Every structure is written in structure tokens, then in C-alpha cells.
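These notes concern the structure reproduced below.
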Amino acid sequence: MTQPQPFQDIADNLSFLDDWEDRYRYLIELGQALPKLAEAERTPTNRVNGCVSQVWLVAEPGAVSGVPHLRFRGESDAMIVQGLVAVLLALYSDRPAREIADTDAIALFDELGLREHLTTQRSNGLVAMVNRIRGEAKAALA
């Protein structure tokens, strides 16, 4: 399955960065570019459980030609996690629910070498974010 262009662009940029510190800075820049959520969207319902830092994900369901699609927006109070949110949004947002449900972001993050330097807590938080997003997609398909 072909990945969305925004995610491919991130993957291409990461391929030029061998040093983890450069990758870390790039993730922070990606996170800083994300628009902030409205205060009213930072609710317990939108909060991702399983993350040590605070993470909120907002799912906006829709349909294109009768096919369920989802758009995601998100934010975190931690810079590196905000960058991880940006990568997940590039991968999952504005896609058909079936593709979202079937896309294993963890495997893709491993291929890109994005998890190897994350703490166990951040890695667990990443899994929680992916599970939340894929769960939203499965719910849209139900």
C-alpha cells in the first residue's frame, strides 16, 4: 500500500539524517509546525490514555464517495511527542478508514528508525496513539 505524500516526504527527509540528534530536531520542527488545538478540544475524551505526556487527538469523520474517511488533528505538551503526533497525522489523516485500520505505523516507524532511540515510555505512548487512531478508523467502519 502506498503511503500518503506528506508521510513519504517525512520519510525521505529522515533518510538524509543519519544522526539521531538531527532526527530529533527534525521531529521537533515538524511538531512546531502543527496548528494548536482549541482549548475546548483538550478534553478527557480526546486525551490519549497510555501516554506519559499529555496527548490529545481529534478525529473528524467524513465520507468521500460514500467511503468513510477520517481527518485527524492532534497536540502534545511534550516537544518530541508533538513531533511524533505530526508524523502520525501525515501517515493517517485524510485517508479512507479501511486504509487507516490496515496501516501498521509501528512497523513503519521501525523501518524509519524512529523508535530505536525513544524511551520505553515514549514508545508505549506511540503505540497508544496508533491504537487510538486505528480504533477510530475501525469504529467508523462499524
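Position 1 is the first residue of the sequence, and the numbers go up from there. Just so we're clear, the structure is a prediction, and the values are computed from it rather than from any experiment. Every heavy atom of this structure was used, including side-chain atoms; hydrogens, water molecules and symmetry mates were not.
Of the residues listed (L88, T103, V130), the one engaging L108 in a side-chain contact (heavy atoms from CB on, under 4.5 Å) is T103, and it is the only one.
Checked by atom type and distance alone, the side chain of Q3 never pairs as donor or acceptor with a backbone atom of Q8 at under 3.5 Å.
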Trace of the side-chain contact (heavy atoms from CB on, under 4.5 Å) decision for R122 with V81: CA-CA 7 Å; R122 282 206 175 118; V81 177; 3.8 Å; yes
Stepwise side-chain contact (heavy atoms from CB on, under 4.5 Å) check, R134 with Y92: CA-CA 9 Å; R134 292 175 82 187; Y92 284 125; 3.6 Å; yes
CA sep, side-chain torsions, deciding dist, call: L89, R71, side-chain contact (heavy atoms from CB on, under 4.5 Å): CA-CA 8 Å; L89 297 182; R71 169 173 285 161; over 6 Å; no
side-chain contact (heavy atoms from CB on, under 4.5 Å) assessment of L112 paired with F7: CA-CA 11 Å; L112 296 174; F7 179 80; 3.6 Å; yes
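For the atom pair CD1 (I100) and CZ (R95), the distance works out to 7.0 Å, reported to the nearest 0.5 Å. Put simply, CD1 on I80 and CG on L27 are 4.5 Å apart, with the number rounded to the nearest 0.5 Å. The structure places CZ of R115 at 10.0 Å from OG1 of T120, a figure rounded to the nearest 0.5 Å. Atom CD1 of residue I133 and atom CG of residue L91 lie 8.0 Å apart, to the nearest 0.5 angstrom. To the nearest 0.5 angstrom, R23 atom CZ is 12.0 Å from F16 atom CZ. With rounding to the nearest 0.5 Å, the separation of OG in S123 from NE2 in H117 is 12.5 Å.
A101 approaches L141 most closely through the heavy-atom pair CB-CD1, 4.3 Å. In terms of heavy atoms, A97 sits closest to A137 at O-CB, 3.4 Å. The two residues S15 and D18 come nearest to each other via the heavy atoms O-OD1, 4.3 Å. Of all heavy-atom pairs between Y26 and D9, the closest is OH-O, 4.3 Å. Of all the heavy atoms in N49 and A128, the pair that sits closest is O-CB, 3.3 Å.
When the side chains of ILVMFWY residues are joined at heavy-atom separations under 4.5 Å, either directly or via intervening members, V48 and L37 end up in two distinct hydrophobic clusters. V52 and M129 fall into different hydrophobic clusters, defined by Ile, Leu, Val, Met, Phe, Trp and Tyr side-chain heavy atoms under 4.5 Å apart, directly or through other members.
Salt-bridge annotation for R132 and E136: present, with a side-chain N of the basic residue lying under 4.0 Å from a carboxylate O of the acidic one. A salt bridge between D102 and R98 is present, with a side-chain N of the basic residue lying under 4.0 Å from a carboxylate O of the acidic one.
In R47, the CZ atom is crowded: over 12 heavy atoms of neighbouring residues, nucleotides or ligands sit closer than 6.0 Å. In Q5, the CD atom is crowded: over 12 heavy atoms of neighbouring residues, nucleotides or ligands sit closer than 6.0 Å.
A 4.5 Å side-chain heavy-atom check between V85 and E75 finds every atom pair outside the cut-off. No side-chain heavy atom of L118 sits under 4.5 Å from any side-chain heavy atom of F109.
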Using distance only, find each side-chain donor-acceptor pair of residues 53-67 under 3.5 Å and give its atom names and separation, not counting sequence neighbours.
from, atom 1, to, atom 2, distance (Å)
E60, OE2, R73, NE, 2.9
E60, OE2, R73, NH2, 3.0

